[in-house]
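Residue numbering restarts at 1 for every chain, and letters A, B, ... go by the order of the sequence lines.
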Protein chains: 2
Amino acid sequence: MNVTGNTRRQPSIRDVATAAGVSHQTVSRVINDHPSVKSATRERVNRAIEELGFRRSATALALASGRSQSVTVLTANTTHHGYASVLQGVEEAARKAAYGVGISVLESADEQTVAAAVQRAGDSVGGLIVIAYDPAGVAALAAADPDLPVVGVVETPADPPPHDRLWVWTDDRQAAYEATGHLLSLGHRNVHYVAIPSGTRRVSARTAGWQRALEDAGAAVPEVVHEGWGPESGYAAGSRLARDPEVTAVLCGNDDLALGVMRALHEAGRSVPGDVSVVGFDDAPHSAFVTPTLTTVRLDFSGLGRSAFDLLHGLLTRSTPVKPHSAAVPELVVRESIAPPRHL
Amino acid sequence: MNVTGNTRRQPSIRDVATAAGVSHQTVSRVINDHPSVKSATRERVNRAIEELGFRRSATALALASGRSQSVTVLTANTTHHGYASVLQGVEEAARKAAYGVGISVLESADEQTVAAAVQRAGDSVGGLIVIAYDPAGVAALAAADPDLPVVGVVETPADPPPHDRLWVWTDDRQAAYEATGHLLSLGHRNVHYVAIPSGTRRVSARTAGWQRALEDAGAAVPEVVHEGWGPESGYAAGSRLARDPEVTAVLCGNDDLALGVMRALHEAGRSVPGDVSVVGFDDAPHSAFVTPTLTTVRLDFSGLGRSAFDLLHGLLTRSTPVKPHSAAVPELVVRESIAPPRHL
DNA sequence: CTGAAAGCGCTTACAG
DNA sequence: CTGAAAGCGCTTACAG
């Protein structure tokens, strides 16, 4: 009626219907690719859509249909390389499926905070992806409503996930095993481990892999150095480790930690890799450009994010029977920061 | 009616109304903190809300009221430190205001891609924050519908933003000026600049600051080395710069670039800071732990993200007259990577 | 202070 | 193949 009027309102399905001389019903069929529409009608509708610049309201779609075409990722962090890459992978896969992605960060592992965040996230969204590498994430995964579609991005689990839960992971247990084994094969009698904060109360996957490698080689298992996530944590750990001349090889839970360890060793006058070999985890972009370049385990985080989304998408659309699966296998990238120990 | 039934449906405003013996109307008033509700009624409603575990549907709210309580950030990247930190800042401020945040990444600066992304983002959302540090972001900012609430996170603009646009920035022009000045004051006769890709066709803010500092000091302005964002770009630039013995100081558009430059210099046998001083931009977390520790400009990205959200929030709620404003001033963090040139 | 009506822009059965 | 009706869960005037 108001075709030539210049109201700012977005054209609705009804405006399109009027313009095309059909019911809004039929417009709905056309935009949903419903087969039973005469092609002449379809064309008329599409032309009207084009002319009016119609865009279907995602909000109305969500309200009327119950499917929201969006997921939100719940994470304790957005800046660390692994987290940011997972997020990027999720977004990439979601975009291809015409899904939106929301992000909600967990400020702490505090029960109340986590519960509030999980609720908020679950409120207006089809499904949830929670990055559960840390205590906050693990708590969130546990706190999520059982009938909300959720997939967790987790460390290699010791046991398969509960059957009502979908998880995705890379085999970093195996990766830690191999990295440690590589160091031992170089002649090191021992490998120390500087751990990232574990999400679970039990031994983390990386820790387990490292420990197993030492045991398999008949080497003593030194105490794990527990630290935070950032380079300053690695620095603190490295300062302590530097005082022990027996320490000739250090595996770190991530690259930032490894950089901190290398710096502390440097300041203590112990050279890397001359006196001590250092290995990181994640293969952050700058790790190949520090001096010495850092030997590290490359993890396909964005692939992990894509998998997480695909899994969730399957769950939401019930299209294919979905199964938890692990992503690309980790790969040890050998660079300058490791060498045989002096005593050889 | 079905109070004891165990349907899985979330309780609605109507269920609450029935339980409290009022109209759904009144429930709406209560959850919106409308003043004109008798406190006895209010209490009854609140009790019902509590008991039923009612949570207001954000979708219905958005559809009925037109305000969506969410914003989306449009960005070309999620992993670089600056971008990730801006995103984190936005999320933090949004969470405090009970807003959701969506993220949409721009795969390329290609016109079609950008247009599609902007449309998608603008579809189901209250407002848009676009990170416009790069060509894709700048294109997105330009492509956004003029009557969609948008705030841009931009480089220091040469001219004030168009009056219908809200921008936020840190004064990195000034920061580049100071960093360059500091290098000159150390005795360097010249400072080269390795630039990040500029969003605009014109000279970027950082480039302008650097250039001005050289001019003010009467130094020659060498050609800008144009590179990408990552350390490998810095490495490429550094390799070229290393061949010129006249090069004694290099300012880089970001820390990753700086690391790449330092690595290339190292491989070329030129020591940092002995032969060449290197300064970065951003103060990424690891920059204080590489060797030599990196002198860099600290930028308050998360503060910038918070400002961006606040600005947008004001725009959306029309609560306060909002004005574009710049965030915390950048600060030069002097570390080991710079020194007076050899010739002194 | 509170309720009955209409509507936001869609979809989902139900008819024909 | 297409339309008329009802509804998703809220809010926004309009009455009283």
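- One can place NE2 of B:His34 at 9 Å from P of C:dC1, the figure rounded to the nearest angstrom.
- Contact annotation for A:Arg67: backbone-only contact, meaning every heavy-atom pair under 4.0 Å involves sugar-phosphate atoms and none involves a base.
- Counting only heavy atoms from C-beta outward, the side chains of B:Thr78 and B:Ile103 approach each other to under 4.5 Å.
- For B:Tyr99 and B:Phe309, the ring centers are positioned less than 6.0 Å apart.
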Distance-only donor-acceptor pairs under 3.5 Å for side chains of residues 37-54 of chain A, two or more places apart:
{"from": "A:Arg42", "atom 1": "NH2", "to": "A:His34", "atom 2": "O", "distance (Å)": "2.8"}
{"from": "A:Arg44", "atom 1": "NH1", "to": "A:Ala20", "atom 2": "O", "distance (Å)": "2.8"}
{"from": "A:Asn46", "atom 1": "ND2", "to": "A:Arg42", "atom 2": "O", "distance (Å)": "3.4"}

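- Interatomic distance, B:Ser23 OG to B:Ile13 CD1, rounded to the nearest 0.5 Å: 9.0 Å.
- Under the 4.5 Å side-chain criterion, counting only non-hydrogen atoms from C-beta, B:Asp15 is in contact with B:Ser12.
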Between the protein and nucleotides 6-9 of chain C, which nitrogen or oxygen pairs are less than 3.5 angstrom apart?
{"from": "C:dC8", "atom 1": "O2", "to": "B:Ala64", "atom 2": "N", "distance (Å)": "3.4"}

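- If you check C:dC14 for Watson-Crick or wobble pairing at under 3.5 angstrom, you find it paired to D:dG3.
- Checked against C:dG3, D:dC1, C:dT12, the side chain of A:Ser28 finds its nearest nucleotide in C:dT12.
- Base contact: A:Ser36 has a heavy atom under 4.0 Å from a base atom.
- Distances were taken from every side-chain heavy atom of A:Lys38 (C-beta onward) to each of D:dC1, C:dT11, D:dT11; the shortest belongs to D:dC1.
- Here B:Thr26 reaches the OP1 or OP2 of C:dG3: one of its side-chain N or O atoms lies under 4.0 Å away.
- The heavy-atom pair separating B:Ala62 from A:Thr59 by the smallest distance is CB-CG2, 3.7 Å.
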With 3.5 Å as the limit, what N/O pairs link the protein to nucleotides 13-16 of chain D?
{"from": "D:dA13", "atom 1": "N6", "to": "B:Gln25", "atom 2": "NE2", "distance (Å)": "3.1"}

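- Of the candidates B:Ile129, B:Ile131, B:Leu87, B:Ile131 is the only one forming a side-chain contact (heavy atoms from CB on, under 4.5 Å) with B:Thr75.
- Under the 3.5 Å distance criterion, with hydrogens and angles disregarded, no donor-acceptor pair is assigned to the side chains of B:Arg55 and B:Gln10.
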